[in-house]
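Single-structure report; data block below.
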Amino acid sequence: MTEPPADALLFEVPPPPTPVERLLALADHYTQHNDMLDLLLADSAEPDPATHVAAAQNLAAETLAVIQAIHEERLYESAELSDAVVRLKQLAYLSTASADHGPQLARELTALAPEAVLDSATRVAGEIRRRRLRNAPPPEESFSAAQHTALHEIARGHVVVTGSADRQYVHHRTARVLISTLRSLEAKDLIARKANSAAPAYIGGPPQDRVRLTPTGATVLATVLTLPPAAPAGPSPRPVTSTQTGARSR
């Protein structure tokens, strides 16, 4: 048998995604699924009841596969980990059930799935960090509080953009996200917009652009998911003198 040349073996095989990265990808898939249902329901024509069936079944299978990947990590059983796995099992059941219903009820059954998956991802990431990465160095990438918040909101499926190239508006849900923050994350190739993929902002309006994590963004967020945002650099605080302390106590 002929051996392959040595230089043919000198290439890097990317490591398989971690369970946390897979969970972030799963949250994105649920968001895309919900967007598809929203556009289907916004269409003036009567929606085909079977359009979403295959997608819902695939989501259920993907959710169960991620649960198996979490089990294969052999993490210490804890309440946090158990809650994460139970919530994912519930989502797999809801996705399976949604395939047996029309688009409207199907949309309601998976409405909160992206948020639930991100919550599970945060719990799993916390357990991995506590059990295996206690002495790991902090990630090289640091984010401002605004960028940190934006990444989490995007992973939850809460951020869309509408408007023209000259004037754009960000629609968010639970936390404020600025267009300047999105542009800074786009410059780092951590997020991208999928044009005309989300429901219109108003009845009869044009579809909006969904903001999603890129694969690089999902990998980076997975490493900082349980960490607070980096504190802004600034001057060191002045020491409090005894005179100042006395004035404050009065």
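The two residues T214 and D189 come nearest to each other via the heavy atoms OG1-O, 2.7 Å. When all heavy atoms are compared, the tightest approach of S98 to A56 is OG-CB, 3.4 Å. Scanning both residues, A155 and L221, for their nearest heavy atoms gives CB-CD2, 3.9 Å. Scanning both residues, T31 and G157, for their nearest heavy atoms gives OG1-CA, 3.6 Å. Considering all non-hydrogen atoms of both residues, L109 and A97 come closest at CD1-C, 4.2 Å. Minimum heavy-atom separation, L41 to P103: CD2-CB, 3.8 Å.
Under a hydrophobic-cluster definition in which Ile, Leu, Val, Met, Phe, Trp and Tyr are linked whenever side-chain heavy atoms come within less than 4.5 Å, directly or via other members, L190 and V160 are assigned to different clusters. In the hydrophobic clustering of this structure, L94 groups with L105; members are Ile, Leu, Val, Met, Phe, Trp, Tyr whose side-chain heavy atoms approach within less than 4.5 Å, directly or through other members. Both V85 and V20 are part of a single hydrophobic cluster, where members link through side-chain heavy atoms under 4.5 Å apart. In the hydrophobic cluster analysis, where Ile, Leu, Val, Met, Phe, Trp and Tyr join through side-chain heavy atoms closer than 4.5 angstrom, M36 is grouped apart from L39. The cluster map of Ile, Leu, Val, Met, Phe, Trp and Tyr, joined by side-chain heavy atoms under 4.5 Å apart, puts V86 and V117 in different clusters.
A search for salt bridge (charged side-chain N to carboxylate O under 4.0 Å, His left out) contacts involving R22 returns nothing, not counting sequence neighbours. The side chain to side chain contact (heavy atoms under 4.5 Å, CB included) test applied to Y93 returns no partner, not counting sequence neighbours. Partners of T149 under the side-chain hydrogen bond (donor to acceptor under 3.5 Å, both in side chains) rule, at least two apart in sequence or in another chain, do not exist in this structure. Every ring-ring contact (aromatic ring centres under 6.0 Å, His included) that H152 has, sequence neighbours left out, goes to H148. Residues satisfying the salt bridge (charged side-chain N to carboxylate O under 4.0 Å, His left out) test with R123, not counting sequence neighbours, are E80, D83, D119. For T96, there are no side-chain hydrogen bond (donor to acceptor under 3.5 Å, both in side chains) partners two or more places apart in sequence or in a different chain. Listed by chain and residue number, E77 satisfy the side-chain hydrogen bond (donor to acceptor under 3.5 Å, both in side chains) test with S82 (two or more places apart in sequence, or in another chain).
For the salt bridge (Lys or Arg N to Asp or Glu O under 4.0 Å) condition, the pairs that include at least one residue of residues 203-217, sequence neighbours left out, are D28-R212, D35-R210. Pairs of residues two or more places apart, or lying in two chains, that qualify as salt bridge (Lys or Arg N to Asp or Glu O under 4.0 Å) and include a residue from residues 147-162 are E153-R156. Counting only residues at least two apart or on different chains, no salt bridge (Lys or Arg N to Asp or Glu O under 4.0 Å) pair has a member in residues 86-96. Applying the side-chain hydrogen bond (donor to acceptor under 3.5 Å, both in side chains) test to every pair with at least one member in residues 48-63, sequence neighbours left out, gives these pairs: H29-E62, Y30-T63. Applying the salt bridge (Lys or Arg N to Asp or Glu O under 4.0 Å) test to residues at least two apart or on different chains, the pairs with a partner in residues 91-115 are D38-R107, E115-R173.
The main-chain N or O of V177 is never found under 3.5 Å from a side-chain atom of T181 such that the two would form a donor-acceptor pair. A donor-acceptor pair is defined here as one N or O able to donate and one able to accept, closer than 3.5 Å; such a pair exists between the side chain of R129 and the backbone of T223. The closest donor-acceptor contact from the side chain of S95 to the backbone of A92 lies at 3.5 Å or more, if one exists at all.
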Q: Could you please spell out the steps behind the side chain to side chain donor-acceptor pair (under 3.5 Å) verdict for E127 and S78?
A: CA-CA 8 Å; E127 288 304 299; S78 67; 3.0 Å; yes

Q) Stepwise, does the side-chain contact (heavy atoms from CB on, under 4.5 Å) test hold for L81 with I70? A) CA-CA 9 Å; L81 187 63; I70 295 172; 3.9 Å; yes

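In this structure, L225 and L151 have side chains that are not in contact, with every pair of non-hydrogen atoms separated by 4.5 Å or more. With contacts defined as side-chain heavy-atom distances shorter than 4.5 Å, the pair N34/P114 qualifies. For the pair H158 and T174, the minimum side-chain heavy-atom distance is below 4.5 Å. Put simply, the side chain of F143 reaches to within 4.5 Å of the side chain of V220, judged on heavy atoms.
To the nearest 0.5 Å, atoms CD1 (I191) and OG (S184) are separated by 7.5 Å. Distance check: L182 CG to Q147 CD gives 10.0 Å after rounding to the nearest 0.5 Å. Atom CG of L185 is separated from atom CD1 of I154 by 6.0 Å, given to the nearest 0.5 angstrom. The distance from the CG atom of L64 to the CG atom of L88 is 9.5 Å, given to the nearest 0.5 Å. Atom CG of residue L213 and atom CD of residue E21 lie 11.5 Å apart, to the nearest 0.5 angstrom. We find the CG-CD1 distance between L26 and I67 to be 9.0 Å, quoted to the nearest 0.5 Å.
Here R183 does not pair with E186 in a salt bridge; the nearest charged N to carboxylate O distance is not below 4.0 Å.
Counted by atom type alone, Q208 and R193 present zero donor-acceptor pairs between their side chains at under 3.5 Å.
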